[in-house]
Amino acid sequence: MNFFSTRGGIRGHLLSEALRLGAAPDGGLFMPEALPRHDAAGFDPESPLATFAAQWLRPLFAEDSLAPELDRICAEAFTFPVPIVMPDETRPRLHALELFHGPTGAFKDFGARFLMSCFDRLAGAEPLTVLAATSGDTGGAVGAAAEGRASVRAVILFPKGRVSPFQERQLTCWGDNVVAIEVDGDFDDCQRLAKAAFADSALSGRHRLTSANSINLGRLLPQAAYVAHAAVRLAASSGATPGFIVPSGNLGHGFATLLARAMGAPIGPVVLATNANATLGDWSRGQGYEPRPSVATLANAMDVGDPSNFERLLALGVTPDDLVVEQVDDRCIADRIVQDYARSGYVWCPHSATAAEAFERLLPSARDERPCLAAATAHPFKFADVVEPLIGRRLEPSPPLAGIEGRPVRKRAIAPALHALRELLDAGPFPA
Ligand SMILES: *Cc1c(COP(=O)(O)O)cnc(C)c1O
């Protein structure tokens with residue numbers, strides 16, 4: 001299988017090269033040149049996720065040096081459960097796909113662990129430096145996945161004052177090969193800084209930089225696999241093709257869902273739920289794609305004004321007719337958390353609440369027509385500062401999140417400028 005760049009300047013890369021490079025050198029994003037098409041009937045809904053994922057992803061690894069390792073990579077990455085639960089028995093069509101049972105309590109654990117397992121096999125003698133900009137959850141997942149590996153060092157850029165207290169803790173609590181850098185700016189500044197570092201070929205070469213953001217295809221492939229697995233499972237148990245609702249920011253998750261559908265997963269209508277950031281919603285209403293500065297919301301991991309994976313949607317041939325975008329502002333996020341808790345006792349995180357709200361907004365006929373999977377993207381405890389006052393009780397952490405609370409933390413701080421990041425990297429921020 002070969003991979004091309006969405007900007008058109010590059011073709012014929014193997015998957016390993018695409019993963020090692022992160023973004024394509026022409027500034028685009030890597031995509032497979034041919035879409036493998038599966039017959040979902042050939043997949044056993046009872047098979048464990050790791051087995052299913054290796055089978056689902058095998059054609060994308062064809063001819064690559066990682067192909068013989070794919071089973072082991074999946075076995076290392078998919079080590080925690082992905083339950084499909086019914087949050088409210090009075091709404092039996094609504095299913096939550098709980099993606100938050102991993103080490104840092106958000107779906108980004110899947111992508112980070114899968115990518116690091118690939119890097120273990122690609123790095124060679126010298127470690128790679130994984131640079132990741134984070135709006136809150138990516139950095140924790142990357143730090144947790146990188147900790148203790150000889151093949152990688154991780155440098156995490158996060159926006160000062162824009163992440164929840166728990167998120168900051170889990171950005172800053174990992175071992176010596178992980179450094180968290182607080183950037184005096186917003187998430188878009190962090191993303192710009194990471195891009196500028198990759199574009200500086202001397203800096204990038206000196207530190208063997210690569211990306212662990214969702215511009216790296218290695219983050220998205222495992223997501224397409226768990227999406228397909230969930231769809232096959234729910235289709236088998238319900239006898240109908242489920243719809244999918246995905247809380248969306250940078251559009252990695254949304255792209256992975258559309259990729260899984262294009263590869264033959266039994267998925268009906270796809271709804272992308274956003275917060276008040278309107279870029280995608282306006283595009284879906286036919287107003288063109290107009291990037292803009294991000295606005296801060298309760299669902300902070302989705303505060304994105306220029307989603308980096310949008311060009312992958314276009315490369316997949318997706319048009320506004322192929323999906324629905326629901327925009328959910330902070331008041332509706334808060335109301336949904338309050339109402340669903342009162343109705344059923346189920347607690348959504350602010351991101352997952354956008355999906356629950358999008359389900360409520362479906363026409364009654366669409367709600368009844370088929371089962372629906374709402375991606376529950378993070379554990380509510382990560383956003384206790386938002387959720388606890390709304391539901392009026394304390395939240396309990398999952399066991400892995402409880403483990404994070406006792407760890408020592410450390411961070412560095414810089415201005416949102418490339419020279420500041422360059423100086424910090426060159427000075428060697430990692431303890432010997
Ligand atoms: C990252 C994140 C999202 C947004 O996912 P994208 O792939 O960036 O669209 C939604 N919810 C949570 C909890 C996240 O961490």
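Counting starts at 1 for both ligands and their atoms, following the listed order. Small disclaimer: the values here were computed from a predicted structure and weren't measured.
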Fill in: salt bridge (charged side-chain N to carboxylate O under 4.0 Å, His left out) partners for Arg121, two or more places apart
Glu69, Glu76

Worksheet item: Between Asn309 (side chain) and Arg312 (backbone), is there a donor-acceptor pair under 3.5 Å?
Response: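 No, because the side chain of Asn309 does not come within donor-acceptor range (under 3.5 Å) of the backbone of Arg312.
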
Worksheet, complete the sentence: Residues passing the side-chain hydrogen bond (donor to acceptor under 3.5 Å, both in side chains) test with Arg393, sequence neighbours excluded, are Tyr341

Discussion item. Less than 3.5 Å apart, any donor N or O on the side chain of Arg162 or Gln167 sitting next to an acceptor on the other?
Written reply: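 There is no such pair (donor and acceptor under 3.5 Å, judged by atom type) between the side chains of Arg162 and Gln167.
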
Fill in: Residue pair Asn277 / Ser294, side-chain donor-acceptor N/O under 3.5 Å
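No pair is found: no donor N or O on one side chain lies under 3.5 Å from an acceptor on the other.
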
Worksheet item: How would you list, by chain and number, every residue that makes a side-chain contact (heavy atoms from CB on, under 4.5 Å) with Thr354, sequence neighbours excluded?
Response: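 Thr354: side-chain contact (heavy atoms from CB on, under 4.5 Å) contacts with Pro247, Ala273, Met302, Val328, Ile333.
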
Need the list: ligand 1 N/O atoms against protein N/O atoms, distance under 3.5 Å, rounded to one decimal.
residue: ligand 1; atom: 7 (O); partner: Gly252; partner atom: N; Å: 3.1
residue: ligand 1; atom: 7 (O); partner: His253; partner atom: N; Å: 2.9
residue: ligand 1; atom: 8 (O); partner: Asn250; partner atom: N; Å: 2.9
residue: ligand 1; atom: 9 (O); partner: Gly249; partner atom: N; Å: 2.7
residue: ligand 1; atom: 9 (O); partner: Asn250; partner atom: N; Å: 3.3
residue: ligand 1; atom: 9 (O); partner: Leu251; partner atom: N; Å: 2.9
residue: ligand 1; atom: 11 (N); partner: Thr377; partner atom: OG1; Å: 2.9
residue: ligand 1; atom: 15 (O); partner: Lys108; partner atom: NZ; Å: 2.5
residue: ligand 1; atom: 15 (O); partner: Asp137; partner atom: OD2; Å: 2.5

